[in-house]
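Indexing begins at 1, ligand by ligand and atom by atom, following the structure's order. Remember, predicted model here, so these are calculated numbers, not experimental data.
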Amino acid sequence: MEWIRRETIGHGSFSTVSLATTSGSSSKAFPSLMAVKSSGVVCSAALRNERDVLDDLGDCSEIVRCFGEGRTVENGEEIYNLFLEYASGGSLADRIKSSGEALPEFEVRRFTRSIVKGLCHIHGNGFTHCDIKLENVLVFGDGDVKISDFGLAKRRSGEVCVEIRGTPLYMAPESVNHGEFESPADIWALGCSVVEMSSGKTAWCLEDGVMNNVMSLLVRIGSGDEVPRIPVELSEEGKDFVSKCFVKNAAERWTAEMLLDHPFLAVDDESGEEDEACSVSPRNPFDFPGWNSVQSPVNDSVMFGSLVGSPEERISGLVSEKVPDWSVSCDWVNVR
Ligand SMILES: Nc1ncnc2c1ncn2[C@@H]1O[C@H](COP(=O)(O)OP(=O)(O)OP(=O)(O)O)[C@@H](O)[C@H]1O
């Protein structure tokens, strides 16, 4: 592909994202404007994983499209580049930060519906995203949103991850306690994202204002019955939706497919009107006639944590020297 790197539009833990314009014969085969996500070849594992996962996922209108990869040599360094659809509106996190406010509920419903559709596609193809958060939901010129950043995504395995992955603020109880990163963990993170869109504040910070201790956060997530407080601003349907994401037991948490039928998301795609067929909230998972479970197999060693150490050991491993501002999610440290 013939292309020219333009200005930088974003930074992640492992990459820099720039605008790219195509030139020559590539202008016909590819969009004239793209986002190029780049990192040194030696530390490009996450980017290459992203490419592989996006290839396997194929086309989905709720997932950022990938146009291919390429290598360049810049300032003497070999660079790995991934070409993506350009989202001119930045991320949903940027939207909330720039307005300093919660989003109106009709938008929360619309964006959530898109995220859930994207998750249905990801989970239906046997993958877990592992880093769902508003920074990774991009806004396009037409107002649509798409899930991005598949650097941590993994195929469903039922196995325990020895390493902890994702962003602590969005981590599910089973991930903190047992190293389980399967599709239910994405649903928990979805719940955190809906809270953030509808309150303008991160899920676990609602009660305390500023929470500045990652250890106490992880203990709260991992132990007891406490779940993030559900924003009072949300409608009853919204509160019910979020409560289905914040089921502590991963096996009982609703799946993306079930959530897609929840009345909170019952918006006719064309008219924006509520879909009659979806207007009654199922009371439990068995109210879904065509429900196929995507529940992960539970193995004994996972349940007793014998492969990866006790929750205390796992949580201690997450403590960092860095002192972030916990009141905004962008400053949370990604743990890989
Ligand atoms: N396709 C895109 N279009 C427009 N902006 C983008 C695009 N992809 C990424 N960005 C911008 O770049 C930022 C960093 O991208 P991304 O989160 O994908 O990188 P990363 O290295 O995987 O980061 P991390 O894993 O730390 O979240 C995003 O928050 C967003 O602002």
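- Close contacts between ligand 1 and E135 involve ligand atoms 29 (O) [criterion: under 4.0 Å to a heavy atom].
- V17 is not listed as a side-chain neighbour of L84, based on a closest heavy-atom distance of 4.5 Å or more.
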S183 vs R156, test: side chain to side chain donor-acceptor pair (under 3.5 Å). Steps then yes/no. CA-CA 8 Å; S183 52; R156 184 186 309 136; 5.1 Å; no
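- Numbered from 1 in the order shown, with element, the atoms of ligand 1 that lie under 4.0 Å from a heavy atom of N136 read 17 (O), 27 (O).
- The shortest N or O to N or O distance between A87 and ligand 1 is below 3.5 Å.
- Residue K37 touches ligand 1 through its side chain alone, judged by heavy-atom distances below 4.0 Å.
- Short contacts between ligand 1 and G10, defined as distances under 4.0 Å to a heavy atom of the residue, involve ligand atoms 12 (O), 13 (C).
- Here F30 and W3 keep their ring centres 6.0 angstrom or further from each other.
- Summarising the contacts of atom 22 (O) of ligand 1 with L84, D149, T16, T167, the nearest heavy atom is found in D149.
- When side chains are defined from C-beta on, F140 counts as touching V64, because their heavy atoms get closer than 4.5 Å.
- Using a 4.0 Å cut-off between heavy atoms, L152 makes no contact with ligand 1 at all.
- With contacts defined as side-chain heavy-atom distances shorter than 4.5 Å, the pair N136/I147 does not qualify.
- The side-chain heavy atoms of E62 and H121, taken from C-beta on, include no pair separated by under 4.5 Å.
- Ligand 1 places these atoms under 4.0 Å from at least one heavy atom of A35: 1 (N), 2 (C), 3 (N).
- Near I9, meaning under 4.0 Å from one of its heavy atoms, ligand 1 places the atoms 4 (C), 5 (N).
- In terms of polar-atom proximity, defined here as any N/O pair under 3.5 Å, S15 does make such a contact with ligand 1.
- V108 has its side chain out of reach of E196: every pair of non-hydrogen atoms, C-beta onward, lies at least 4.5 Å apart.
- Taking each of L138, L92, L82, L134 in turn, the one with a heavy atom nearest to atom 8 (N) of ligand 1 proves to be L138.
- For H11, no nitrogen or oxygen atom sits less than 3.5 Å from a nitrogen or oxygen atom of ligand 1, counting backbone and side chain alike.
- In this structure the side chain of R109 reaches within 4.5 angstrom of the side chain of S235, judged on heavy atoms.
- In this structure, the side chains of T255 and H123 stay at 4.5 Å or more apart for every pair of heavy atoms.
- Residue E85 approaches ligand 1 through these ligand atoms, each under 4.0 Å from one of its heavy atoms: 1 (N), 2 (C), 3 (N).
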